[in-house]
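First the proteins, then the strands, lettered A, B, ... as listed; each starts at 1. No experiment lies behind these values; they were computed from the predicted model shown.
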Amino acid sequence: MIAFIDSRWADILFRAYQHTSLVVQSMILAAVIAVGLAVLVTTIRRLTPVANAVSAVGLTIPSFALLGLLLPVVGIGTVPSVVVVTFYAALPILRNAVVGLQGVDSTIIESARGQGMSGSAVFWRVRLPLSWPVIMTGIRVSAQMSMGVAAIAAYALGPGLGSYIYTGLTQVGGANAVNYAVVGTVGIIVLALLLDALLVLLSRFTTSRGIRA
Amino acid sequence: MTQQTTTGAALELVDVTKSYPGQKSPAVDGLSLSVPAGETVMFVGPSGCGKTTSLKMINRLIEPTSGRLLLDGEDITTKDPTTLRRSIGYVIQGGGLMPHMTVAENVGLVPKLLNWDRGRIASRVDELLDLVGLDPRIYRDRHPRELSGGQQQRVGVARGLAADPPVILMDEPFGAVDPITRQRLQDELMSIQDELQKTIVCVTHDIDEAIKLGDRILILDEGARIAQYDTPERILAAPSEDFVADFIGSGSTLKQLSLLRVGDLELTEPQTCRIGEDVAEVTARVEAAGESSVVILDERDRPREWLFLRTLGRHAVVSEPTTELQTVVDHRSTLSDALDSMLVSSHGGAMVIERDAYIGVITYDAVTEHIRSLRVEAA
Amino acid sequence: MRTTALSREDRLLLFGLPAVVLVVLAGWCLWRASADLGDIEARALAWDAVGQLALEHVLIVLVCAVLVVGCAVPLGILLTRARAGFLAPAVTAAANAGQAAPVIGVIVLLALAVGFGFWTAVLALTVYAFLPVLANTVAGLRGVDPAVIEAARGMGMSPFQVLRRVELPMALPVIMTGVRTALVLLVGAGAFATFIDAGGLGTLIQTGIIMFRHSILVSGALLVALLALLVEWTGRVMELFATPKGLA
Ligand SMILES: Nc1ncnc2c1ncn2[C@@H]1O[C@H](COP(=O)(O)OP(=O)(O)O)[C@@H](O)[C@H]1O
Ligand SMILES: [Mg+2]
């Protein structure tokens, strides 16, 4: 095992980097989309239950099935990985952003408007900062999930450590099958825990002391 | 009291109406009202009569269905509401502070929206915190949840004053604090208003608060119909209709005590002494004056204790009192508030201060004497 | 169950889900019956072949579900008893690490360790779906108002009676949510069973990709998704019935 890791160290690092980069970029995209949608559906109240239902149903659809449905449309490679990871990453963020934005005390918002804040100032300086801890919790859930989804998406020749797992599977009986599968799986667990720790820190530094738990 | 220059602006509501969708009768039905610059107008009336709706139409948090609003003669009904609100202070129950912002950020909110430079905002924030009785060094960087309810409300008032707006709107500003804190906040607001002379429109459901704070009181009935709009004295003396009389309730003589300030009565001046003085000398002086008690002052003329001579006699020199004072009232306090303090005093009176300095003593007898004279006048 | 008490979101899901599933399934059946399929597609998508795969898929999900509920709920009960409280931090730590493990990695590793086949798939998926049920059992039982438990004790109920008659019924909705989450996860993860020769609808997806036949690939993906939605809906209906009257 040590010899295996040693001989492929550069490749392992590269794939870990790819995996993280895929997840982080997709999540940034997902967060922007999800928060945008959340703003829309909390402004137009009628849409709120629809959004909640959509995110509940969306999380139900198996990622492998979604990947299968996408391949005829976008082909194999990086694109289906990005689409699938972004899709699943967006759902928990959407759900939490809706809850968070709805949870902001309406008297605070009115008080802010009463001081002469414009609509966008109320959003950027009041609603977003106040719902931020809840949104960050959604982002953490999303990050954990995305790490696993990215592994699955590697089946369609996407980037990242997932390909090691599939290599292990296809080389069953071979000398390195277990090595590949272990490195792939454990590597992803390590990455997920590291990313989570980073997000906890980020959440701490970006949440006002006045509303921290 | 020295009359300062008025910084308020005249406010006029012309036939202002608000109908909420799906409601049969308008919440505010053709309200017309003019508020002179620099005066405090109190809106009172039963719950749901349209006080809040009327107030929020002034800063257009609620858009009037029809009617016009004039600020110093200028029509503000068509002005950009966001800009308009930066020139109208807004104070609500509980303070309505932003929980994620520090006290300084909360108070500096409107100046920042108005793009003041940082130094100016910082010094303005400190000035205002001082004004509302919060030490800027201690409270500037705290968050709202690290403040008591009364302190949050003080910050709310400071925020409303921050950009020096000519008009300030308040919606039950002291409704969420305990009675003692409320009384103190009311006193502070009155002294701030003495100094600044803003135009204040304040909603309350407490008629005593209205009598105490208001230059004028607007009594509203269902649909914001004006039942009476007049000075507190005239409303107490001559309610225009049964609805108003019912609303004021009984004991209007006692209510007049809310109109009178401690400083309006003659204060008595018992003997005083300083911490560290020789007790024998003090005793001799007090006895020579034919009195049995003495007020102890500290080096900055603040009253520290009011003692009977027999209590003093146990020591050689007048020592630093250790007890918390309860029987001190501000010269601007109302007589009814002062009575509350005097009831706990064994001297039948309370020490009176002006800007923290001792100026004399108000006695229970002086107050009852005054009530008697009011009765005679009324009869 | 009075439907008027349901939120709009619940109603959308309760009535919308089965409608969507039925319409899409009917559409697929129509297409299957009428489309002019090539040789490979016709064999892969033969009615009885697809039926067989669906049956395998459902079987794996059901066996795993029984195992998961049978192990995770008692463990959750154990962890919430005062005497076993010292175990909780260790279990939480293990749970957090487990959450970060990719399901495909768990399946492949287990298969490499104990060999391919149905029972390996069952074992891997059971491990995978264990967490949500355990977590929700603990959360549900912890969430029961202590005053209610004290009142029940005060009336002279034995600890077991308190558990059976008070704690479990009140925690049931939360536990059921965990079970529903687990079932849905199982349907999705069941698609990987084909990788270790345990069958299931994932076979269609794999065949489709390997043989480069989009119709097989999409049919498999669609059927897995429909099964997941159907299970989600069943879970929601069960949850509704599991909620004690007066609690919702
Ligand atoms: N946003 C609103 N939508 C509909 N009706 C409202 C709304 N706000 C207030 N009202 C109604 O308008 C009337 C006056 O309300 P309000 O101005 O809040 O009364 P007050 O402040 O005097 O208690 C009440 O009957 C209230 O129900
Ligand atoms: Mg009101």
Residue pair [X] / [Y], side-chain heavy-atom distance below 4.5 Å:
| X | Y | value |
| --- | --- | --- |
| Ile104(C) | Leu169(A) | no |
| Val218(C) | Leu69(A) | yes |
| Val184(C) | Pro62(A) | no |

Quick test of your reading of the model: are Arg95(A) and Glu9(C) salt-bridged, counting only N-O distances below 4.0 Å? yes
Would the Phe192(C) and Tyr155(A) ring centres measure less than 6.0 Å apart? no
Give the member of Gly184(A), Ala192(A), Ala143(A), Ala181(A) that has the highest number of heavy-atom pairs under 4.5 Å with chain C. Ala181(A)
NE2 on His214(C) to CG on Leu71(A), rounded to 0.5 Å: 7.0 Å
Euclidean distance, Leu226(C) CG relative to Thr60(A) OG1, rounded to 0.5 Å: 12.0 Å
Examine whether an atom of Leu222(C) lies under 4.5 Å from a heavy atom of chain A, and if so say whether it belongs to the side chain, the backbone or both; otherwise answer neither. both
Side chain, backbone, both or neither: which part of Arg213(C) has an atom under 4.5 Å from a heavy atom of chain A? neither
Under 3.5 Å, side chain of Arg8(C) to main-chain N/O of Val50(A), donor-acceptor pair present? no
Bottom line for Val186(A): the part with an atom under 4.5 Å from chain C's heavy atoms is neither
